[in-house]
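Down below is the structure, laid out as structure tokens.
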Amino acid sequence: MENNSRRGFMGKAFGAVAGVGAVGSLVAMKQTWDPLPSVKAAGFTNVDLTTVEANVLVVEKWRGKPIFILKKTPEMLAKQNDEQNARDIKVGEDSYLVCIGLCTHLGCIPAYASGEEKFKCACHGGEFDTSGIDILLPPPSPLPIPPFKIDGTTLVLGEEGEEYKKMKEAGVTV
Amino acid sequence: MAHFEKAKSIHDWLDQRLAIDKVNKVMQTEYWIPKNINFLWAMGMVLVITFMMLLVSGIFLLMYYQPNIATAFDSVNYTIMREVEFGWLWRHVHAVAASVVFLIIYIHMFTGIYYGSYKKGREMIWISGMLLFVAFSAEAFSGYMLPWGQMSYWAGMVITNLFSLGSLEMNGIVEWIRGDYVPAQAFLTRFFMLHVLLVPLAIMALIGIHFAALRIPHVNNQDGDEFDYDEESAKYLAGDTKGSKVIRFANDFLSKDLFVVAVYLIFFFYLVFWNYGFAMDPVNFDPADGLKTPAHIYPEWYFLWSYEILRPFSKDIGLMAFGFAQVIFVLLPFLDRSPNVAPANRRGPFAIWFWLMIVDLIALTAMGKLPPEGIFSTIGLYAAVTFIALWVALPFITMMEKKK
């Protein structure tokens, strides 16, 4: 009887030590797989908007992701509805689409068909209009707008400026 | 201290210490296999041999492969393919075996389904087998990342994105799996580790469990007959080898097994030397480029059926259908409500279910390879819906089945 309770105690003592160790190692293992600080601090991307031509897609790289920048033509703007206008970024007289160029279905990069004025994803056939709004399944949502700041005619990606905050509040960034 | 006697021979010396005679009996000469089986019962050994070829070719590839996003592509396509003597042989054996292993797995699986080898005591054989299928899928996927070509990169992007679980937008999990916002160095190195260490360890452990699960219920036979193994083996050992319904695993059964393996190996090396192209996608001979999606992304042939179940639906429904397809085969022993262990052609409506399932999987596979347009999308959608409907119907079909 006495032996049994001693064994019971030793078993529980081992269980406690092993439990603490197991939880500790899981925390360490989880965090070892987290993105490294150098990856997170990949920094900001500056884009000079003065060189962008209307209806010609510019693709910039930000945190390893492609960013689409499309300057709208006056004809496009004339046809736009409110939902589309809300996603435009205005710099001086010009309007731009700025969005993350990864299909919201499974992350392929849609191609821009300048003739048809829409983005077409080759993977599963999804389509987006010139404001990055999904117009053909399977993508469930518009192309997201990344955090940006307008600094004169320079677009700073990765920093949340006034314009971005307003768009985020209006719920048009995702 | 246990008692040991002076050994009469090396064999005796080993037997006293390791009981090798006893082990040989238990594992081989008195491990009993039914007589009424056919060549499909050799697929297990064919798989063991294919796995050994993957292991050996992988060991040689590992000596030159570099898991670095700057050098991985060239270490495969230049160093291994052009500089290393017989480097092409290891790569082609590895690529062909990785593809053919799935063909044999599917044959092995559907042999089990056809003959009802997953129920009445054989559930653990089926479940451990399906876990092996999952482990082999993980092994195939992680290995596909390593050459760091366009298909590696974009398959990695698409598959890891699945873990955001659709509209739940759990991008944190995706970034955690990748160790970056997009597949990059951290991603390549961790999938390299998974491919060469963790997943192979899991596969080897599962193979052990799969074999052990076979031990007590014994392997099924062509008629689903139940034997008294003690009685039949006693008959065999008493010299009535003709009257007994069983044979020894070794050398009786093994000799036939290895004959099938020999036929298979001729086919296998024909592919390795003359027709390896099917296992190497041309798109993957372009280095990975995060800013350029290939025109048409598709997985290797063995994943096409489940990919096609994902594709025709909207994102969330597609994901649910895909999740369903991934787990449903595991539940087969419990969804089949009939107690009969018999070949499908003697089980009435189940025979129709079996062949419809085969035709449907072939249709899904074919549509998965074609571009998602027009009639192909429509056929794909119907085939995906049929797949789900067949599984929903299975318990009812088998419940109505007459008891044998």
Side-chain angles (χ1 to χ4, degrees), chain A residues 26-27 29-43 45 57-69 100-113 119-127 134-142 144 146-147 157-158 173-174, chain B residues 69 153-164 166-169 171-187 189-190 193-194 289-298 307-308 310-319 322 368 371-374 376-377 380-381:
Chain A
L26 280 179
V27 170
M29 287 173 193
K30 190 267 168 191
Q31 295 196 2
T32 300
W33 266 39
D34 279 342
L36 302 177
S38 58
V39 168
K40 282 190 197 160
T45 305
L57 184 72
V58 174
V59 182
E60 285 290 336
K61 200 169 168 182
W62 170 70
R63 290 189 187 169
K65 287 178 186 165
I67 301 296
F68 287 170
I69 299 166
I100 297 174
L102 296 174
C103 180
T104 49
H105 181 226
L106 285 174
C108 298
I109 303 180
Y112 184 59
F119 295 95
K120 297 170 122 179
C121 184
C123 292
H124 307 103
E127 291 185 6
D134 47 311
I135 48 177
L136 190 69
L137 281 178
S141 54
L157 293 165
T173 54
V174 285
Chain B
I69 53 172
Y153 183 92
W154 287 98
M157 177 75 98
V158 169
I159 298 297
T160 49
N161 262 343
L162 291 177
F163 290 90
S164 69
S167 297
L168 297 179
E169 297 276 354
N171 295 322
I173 294 184
V174 177
E175 281 159 21
W176 181 72
I177 292 171
R178 291 178 187 159
D180 203 329
Y181 303 103
V182 288
Q185 184 58 54
F187 174 87
T189 336
R190 69 185 54 169
M193 176 284 291
L194 289 173
D289 181 352
L291 293 184
K292 203 174 106 214
T293 317
H296 179 199
I297 297 183
Y298 43 81
Y307 175 73
E308 184 59 23
L310 170 79
R311 207 163 65 160
F313 301 107
S314 68
K315 187 166 164 176
D316 289 336
I317 296 173
L319 260 178
F322 183 71
E373 295 161 355
F376 303 141
S377 283
L381 177 65

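First the proteins, then the strands, lettered A, B, ... as listed; each starts at 1.
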Just checking B:F313 against A:H124, ring centres under 6.0 Å apart? no

Other residues, nucleotides and ligands only: do more than 12 of their heavy atoms fall within 6.0 Å of CZ on B:F376? no

A side-chain contact here means heavy atoms from C-beta on lying under 4.5 Å apart; do A:C108 and B:V158 qualify? yes

Interatomic distance, CE@B:M157 vs CD1@A:I109, rounded to 0.5 Å, equals 6.5 Å

Euclidean distance, A:I100 CD1 relative to B:Y181 OH, rounded to 0.5 Å: 11.5 Å

Of the backbone (N, CA, C, O) and the side chain (C-beta and beyond), which part of B:F187 lies under 4.5 Å from a heavy atom of chain A, both, or neither? neither

Atom of A:A122, atom of B:P294 and distance for their closest heavy-atom approach: CB-O, 4.5 Å

I need the A:D34 CG to B:D180 CG distance, nearest 0.5 Å. 12.0 Å

For B:W176, which atoms come within 4.5 Å of any heavy atom of chain A: side chain, backbone, both, or neither? both

I need the minimum non-hydrogen distance between B:V182 and A:K65, along with the two atoms involved. CG1-CG, 3.9 Å

Highest number of heavy-atom pairs under 4.5 Å with chain B among A:C123, A:P138, A:G125 belongs to A:C123

